[in-house]
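A note on names: the letters A, B, ... follow the listed sequences, proteins ahead of strands, and every chain is numbered from 1.
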Amino acid sequence: MEFKPEEFEKKWQEKWESLHLYRADDNSTAPRCFVVDMFPYPSGSSMHVGHPRGYVATDVYSRFKRMSGFNVLHPMGWDAFGLPAEETAILNKEYPTVTVNRNIDKFKLQLTMLGLGYDWSREINTTDPKYYIQTQRIFLEFFKRGLAQNKTVAVNWCPELGTVLANEDIVDGKSERGGYPVYQQPMRQWILAITQYADRLVDDLELLPHWPEKIKTAQRNWIGRSEGHEFEFVTTAGINVPVFTTRLETLPGATFLVLAPDSEITKKIIPSAANLAEIKNYIEISGQKTDLDKQLSNEKTGVIIEGVTATNSFSNTQIPIVIADYVLSSYGTGAIMAVPAHDERDAEMAQVLKLPVVTVVEADKMINAGSLSGETILEARQKVSKMINATSQKRFKIRDWVFSRQRFWGEPFPIVWVEGQDNYELIAKSPVGKWLPKEPVSYSNEAVEYFAVPVLPEFLSAMRLPQVESYQATGTLEGPLAGISEWVNTFINTETGEVSNESRGENWIPALRETNTMPQWAGSSWYWLRYMDPTNETAPFSKESSKYWGPVNVYAGADHAVAHLIYARFWHKMMQDAGMVDFPEPFERLEFLGYILAADGTKISKRKGNSRSPEDIVKEVGADAFRLYETFIGPFEKPIPWSDNGLIGCRRFLEKIWRLAETVIEAKAEVSDPAAASSINKTIQKVGQDIETFKFNTAVSSMMICLNEIQKSVVSIADFKSYLALLAPFAPHMAEEIWSMSKAEGSIHLSSWPKVDAKMINDNEVTVAIQINGKHRSNIMASRDADEATIRGLVLNDDAVKKYLAGSELKKFIYVPGKIVSLII
RNA sequence: GCCGCGGUGGCGGAAUUGGUAGACGCGCUGGACUUAAAAUCCAGUUGUGGCGACACAGUGCGGGUUCGAUUCCCGCCCGCGGCACCA
C-alpha cells in the first residue's frame with residue numbers, strides 16, 4: 001500500500017478532537033504538566049513556516065509527557081488587542097472583533113492542519129469581554145495598592161500612529177511599527193509602578209535555574225540595579241545639589257558638576273547664573289532633540305553656569321557647574337559629580353569645555369588624594385562615605401511603566417473620574433472605599449480637580465468597549481474613546497459604586513469614563529493563569545486551580561527576552577501579594593526559541609514575500625513530514641534559515657517506516673533479531689532524554705539511525721510498536737494510522753511511553769580505539785569490562801600496532817576502559 | 001562602546017565531566033532495476049598526493065597545557081542577538 005498521508009491526516013484530526021483526546025483533567029491524581037506557548041497575535045497575513053516551529057516542539061513535548069503518565073495541560077489562545085487589528089478594521093470599515101475573529105479562524109485552521117493537540121476547550125482570546133473584564137479586575141488590584149498612578153510625563157508621541165508608545169515599541173528612535181518619527185510630549189498617563197518591584201525582579205531570578213542564562217542577564221541589564229552613594233554639594237547659589245555615584249572614592253577627582261537640562265535642580269539654580277540667556281537657549285535646543293538625534297550624535301554639548309560654583313568638600317575647592325544633556329533627569333538625582341579622569345563621558349565633556357582632569361586612582365590604589373593616597377578603592381570609598389556623611393543608595397535603570405495608550409482597541413481602564421474632593425470622599429465611604437489607594441489619584445484641568453474612582457468588579461460590565469460607528473483616532477493627543485460622548489459621560493452611585501449612563505435619582509453623580517486604554521502587554525501579562533480556569537466569571541481564576549496547575553512547567557517562545565517576560569513576572573508578583581497565587585514565579589522553565597529566517601538569512605516578512613506557506617508544504621509532503629522537519633532542522637534555540645532541502649529526507653524516512661510496517665505486520669514475528677531489539681531499546685532511551693531536554697533534532701536523528709539498523713532485520717510486532725510510540729509525538733497521524741492497522745487498542749497517543757529493557761541492550765562488545773603518539777591508528781573489539789592486561793595483549797597483537805612498533809620501544813601504555821588505548825613510542 | 005551567544009565538509013547540523021571529528025539528513029558521483037524516466041535499492045562522498053594499501057593536513061587565526069584538545073587556558077579576527085550617554 002502506498003503512503004498517502006493526505007488520505008488519513010484529516011480523519012485523525014477530527015477523531016482526536018471528537019474524542020477530546022487532549023483535554024486536561026482538573027481533578028487528576030497523576031502528576032501534572034503545564035506547557036504553554038507564547039500565544040500568537042493573530043495577524044491578517046496568517047502563518048508562515050516559522051510560526052509552527054515552537055508549536056510543533058511543545059506539541060511533541062506534551063505528547064511525550066502525556067504518554068509518560070502526566071496529566072498534561074497544553075492550551076492555546078490569542079493575543080488579539082493592539083494596533084494592527086484596529087488599523088485593519090478602520091481600513092475595512094468593520095468592527096475590530098470581526099477582523100480578529102476572521103484571523104483567529106484562519107490561524108486555528110492552520111494549527112489544526114498540523115495535527116497540533118491543544119486542549120481547545122480552554123482557548124482564550126484577550127479581546128473577549130469575558131477575558132478582559134478579568135484583566136480590568138486585576139488592574140483594580142494594582143490600583144488598590146497604589147501601584148497604578150497618574151502622572152503627566154514626557155512620553156513618546158507618534159503623530160502618524162496617533163498614539164503614545166512605550167520605550168519597547170521604539171527602535172532606533174522610530175516607531176517599531178511603521179518606522180515613524182517619535183517626539184517627546186507631556187501628557188497625563190497611567191503608570192504602573194514596576195520600580196517598586198525592581199529589587200524582587202532581580203533577586204528572584206535566582207529562583208529560576210531552568211531559564212537560559214542569557215535571558216536572565218538581559219533582564220538584569222534592563223532592570224539595571226546599581227549600588228552607590230548619594231550626597232549633596234553646597235553651591236554659591238545657596239542651593240544644595242544632590243548627586244548619586246557608584247564611585248564615591250573618586251570624589252577627590254571631581255572637577256565639576258553636571259546637571260540635566262530638564263531637571264528640577266537646574267530650574268532652581270539658574271536664576272543665579274550670570275549667563276541666563278545662554279543657558280535657556282541650550283536647554284531649549286536640547287529639549288527639541290529626539291531620541292534619534294541623541295543616538296546619531298554622541299558628541300558632548302554643555303554650558304557652564306557662570307557666577308555659580310559648588311564646593312568639593314574633600315578637596316575644599318570651588319568647582320564649576322555645567323548643564324549638559326548627557327546627564328538624564330530621569331535617572332539618579334538628575335545631577336552628577338564629574339570625574340573626567342575616571343569616566344569616559346566626563347572626560348569628553350571636560351575636553352569640550354576645557355575643564356581640569358585630576359587622576360586619583362592608579363593601579364587600584366588612590367593617588368593625589370591627600371589622606372587617602374595609597375588606600376585601596378574600597379577602603380577609600382568607606383572613608384569618604386563617613387567623611388561627608390553619604391548615604392548608601394540603590395538605583396535602577398528600569399522606569400515606571402507607561403501603561404496607557406490613546407487607542408480604541410485595548411482594555412478600557414476600570415476607572416471613572418469624579419469632580420472635586422467632596423465627591424471623592426463621599427464615594428470613599430461606599431464599598432468602593434476598600435478599593436482606593438492611600439493616596440488619591442487625581443489631576444487638574446482648567447481649575448477643576450478630578451479624582452479617579454475604581455469601578456467595582458461587580459459593575460465592570462459598564463466598562464465594556466462601546467459598539468459604535470466610528471472609532472478613528474481623534475487626531476488630538478486623546479484617544480478615540482474621548483470622541484464618543486456616550487462613553488465619556490456617565491454617572492456613579494455614591495452609595496453602591498454602580499456606574500450607569502442613566503442617573504436614577506438620588507445618590508447618582510456625574511462621572512467621566514477614562515478614555516485611555518491599556519497596552520497590548522496587559523492581556524498577555526497573566527493569560528497562562530486563565531488557562532487553568534478559563535470559564536470563571538467571578539475571578540480571573542480560582543485559587544484552587546492555580547494551586548493545582550501552577551507554575552507553568554515549560555514556557556516556550558521566541559523574542560520578548562525583556563519586555564513581556566518582565567511584565568509577566570511583575571504582574572505575577574503583584575498577584576502573589578494580592579493572595580491570588582502562592583508561588584513567586586510564573587514560569588519554572590523557559591525554552592527560548594530561535595526564529596526561522598528566510599532562505600537569505602533575513603527576517604521573514606509578509607512585505608518581502610520571502611517565505612512559504614505551511615499549507616503548500618503539507619500538500620507536498622504531508623503534515624507529519626513537515627512536523628519532523630521543523631524539529632530536525634536544527635537546535636531549538638538557534639535561528640536557522642528555512643530551506644526546503646531537508647524536507648524530502650523526512651518524507652523518505654516516513655515512507656521507509658511505512659514499508660517496514662507492512663512487512664512487520666505481515667510477518668507476525670514473535671521475537672526480534674537481537675541486534676534490532678538492542679537498537680530499539682537504545683533508541684527508546686535516547687529519544688526520551690532528548691525530548692525532555694528539547695533536543696528534538698538529535699531525537700529525530702536517532703530514530704533515523706535506528707530505522708537504518710532495523711529495516712533489514714526481523715522485528716516483532718511488539719518491538720515495532722515501541723518504535724512507533726517513539727515516533728508518535730513527532731508524526732502523530734502516521735503513527736496512529738499504522739497503530740490502527742496493526743489492530744492495536746485505542747489511540748497510540750494515550751498509550752504508554754515504552755520502557756527501556758536494559759537486558760536487550762547488547763553493549764558488552766565495544767570498539768576500543770588505538771592511538772599511537774596521539775594519532776588514531778587502529779581499532780580492536782573488546783569486552784567492555786576487560787582488564788588492562790587483556791587489552792594490552794590484544795593491542796600488542798594487532799597487525800597495525802605491530803607495524804608501528806617494529807624497531808621502536810614502547811614507552812607508555814594508557815588504557816581508558818571501554819574507550820581508547822594510547823601508546824607512546 | 002557594553003553584555004550575551006556563536007564560527008566544524010558543497011549545505012542544515014552531530015560529537016564537549018578532554019578520548020575514533022564530520023553521526024543523521026540534503027546535495028553530488030558511480031552502479032543495479034527499467035525500452036526510457038521517476039521512484040527505489042547498493043556503493044562512495046573533509047582536503048591534498050597516490051591505481052592502490054596508505055601518507056600528510058584538518059573544527060575562524062596565533063600560542064599554551066596534555067599521552068590525547070572542536071572541548072580547557074592566554075591573545076586576536078569575524079558573524080549574530082540584546083542594550084545603549086543609567087553616573
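- A donor and an acceptor atom, one from each side chain of A/S329 and A/D262, are located under 3.5 Å apart.
- Comparing atom distances between the A/I824 side chain and each of B/C67, B/C3, B/A23 picks out B/C67 as nearest.
- Distances shorter than 4.0 Å separate none of the side-chain N or O atoms of A/N697 from OP1 or OP2 on B/G25.
- If you check B/C24, B/G12, B/G19 against the side chain of A/N708, the one that comes closest is B/C24.
- Side-chain N or O atoms of A/Y723 include none that pairs as donor or acceptor with a backbone N or O of A/T683 at under 3.5 Å.
- Nucleotides B/U45 and B/G10 are separated by 11 Å at their C1' atoms, to the nearest Å.
- Applying the 4.0 Å criterion to OP1 and OP2 of B/G25, one finds that A/R651 has every side-chain N and O outside that range.
- Closest to the side chain of A/F632, from the set B/U20, B/C85, B/C24, is B/C24.
- Contact annotation: A/K712 reaches the phosphate of B/C42 (side-chain N/O to OP1 or OP2, under 4.0 Å).
- A distance of about 33 Å separates the C1' atoms of B/G12 and B/G63, rounded to the whole Å.
- When the side-chain nitrogen and oxygen atoms of A/S226 are compared with OP1 and OP2 of B/A87, one or more of them lie within a distance under 4.0 Å.
- Within the nucleic acid shown, A/S643 has no heavy atom closer than 4.0 Å to any nucleic acid atom.
- Comparing B/G19, B/C24, B/A87 by their closest approach to the side chain of A/V816 singles out B/G19.
- Residue A/R777 has a polar side-chain atom (N or O) positioned under 4.0 Å from OP1 or OP2 of B/A55.
- When distances run from any side-chain atom of A/T698 to the nucleotides B/G13, B/C41, B/A14, the shortest one goes to B/A14.
- Within the nucleic acid shown, A/D343 has no heavy atom closer than 4.0 Å to any nucleic acid atom.
- Closest to the side chain of A/H776, from the set B/G19, B/A21, B/C41, is B/A21.
- Here the separation of B/U8 from B/A14, taken at their P atoms, is 12 Å to the nearest Å.
- Comparing the same atom, P, in B/U71 and in B/C80 gives a spacing of 24 Å after rounding to whole Å.
- Phosphate contact (OP1/OP2 of B/A57, side-chain N/O of A/K775, threshold under 4.0 Å): present.
- For B/C85, its base sits under 3.5 Å from the side chain of A/K300 at one donor and acceptor pair at least.
- For the P atoms, the distance from B/C76 to B/C85 is 27 Å, rounded to whole Å.
- Taking atom C1' in both B/U70 and B/U20, the straight-line distance is 14 Å, to the nearest Å.
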Full working for ring pair (Phe, Tyr, Trp, His ring centres under 6.0 Å) between A/W642 and A/Y629: CA-CA 10 Å; A/W642 177 264; A/Y629 185 55; 5.2 Å; yes
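- Listed nucleotides: B/C42, B/G13, B/A87. Nearest to the side chain of A/V327: B/A87.
- For the OP1/OP2 pair of B/C26 and a distance below 4.0 Å, the side-chain nitrogens and oxygens of A/R652 include at least one atom meeting the criterion.
- Classification of A/K214 and A/E637 as a salt-bridged pair fails, no side-chain N sitting under 4.0 Å from a carboxylate O.
- Looking at the side chain of A/E655, the nearest of the listed nucleotides B/A87, B/U40, B/A55 is B/U40.
- Side-chain atoms of A/P635 lie closest to B/G13 of the nucleotides B/A87, B/G13, B/G25.
- For B/G10, the glycosidic angle deviates from 0 by more than 90°, giving an anti base.
- Close to B/G13, at under 4.0 Å from its OP1 or OP2, lies a side-chain N or O of A/K638.
- Under a 4.0 Å N-O distance rule, the pair A/R395/A/E230 qualifies as a salt bridge.
- Nucleotides B/G47 and B/G52 have their P atoms positioned 14 Å apart, rounded to a whole Å.
- Electrostatic pairing of A/E227 and A/R381 does not count as a salt bridge here, judged by no charged N lying under 4.0 Å from a carboxylate O.
- Rounded to an integer number of Å, the gap from A/K656 NZ to B/A39 C1' is 13 Å.
- B/G22 and B/C33 have their P atoms separated by 33 Å, with the value rounded to a whole Å.
- Counting only heavy atoms from C-beta on, A/Y331 has its side chain closest to B/A87 among B/A87, B/G12, B/C67.
- In this model, a side-chain donor or acceptor of A/S822 finds a partner on the base of B/C67 within 3.5 Å.
- Residue A/Q771 places a side-chain atom within donor-acceptor reach of the base of B/G19, judged by atom type and a 3.5 Å distance cut-off alone.
- Among A/I596, A/N697, A/L647, A/L628, the single residue meeting the side-chain contact (heavy atoms from CB on, under 4.5 Å) criterion with A/I633 is A/I596.
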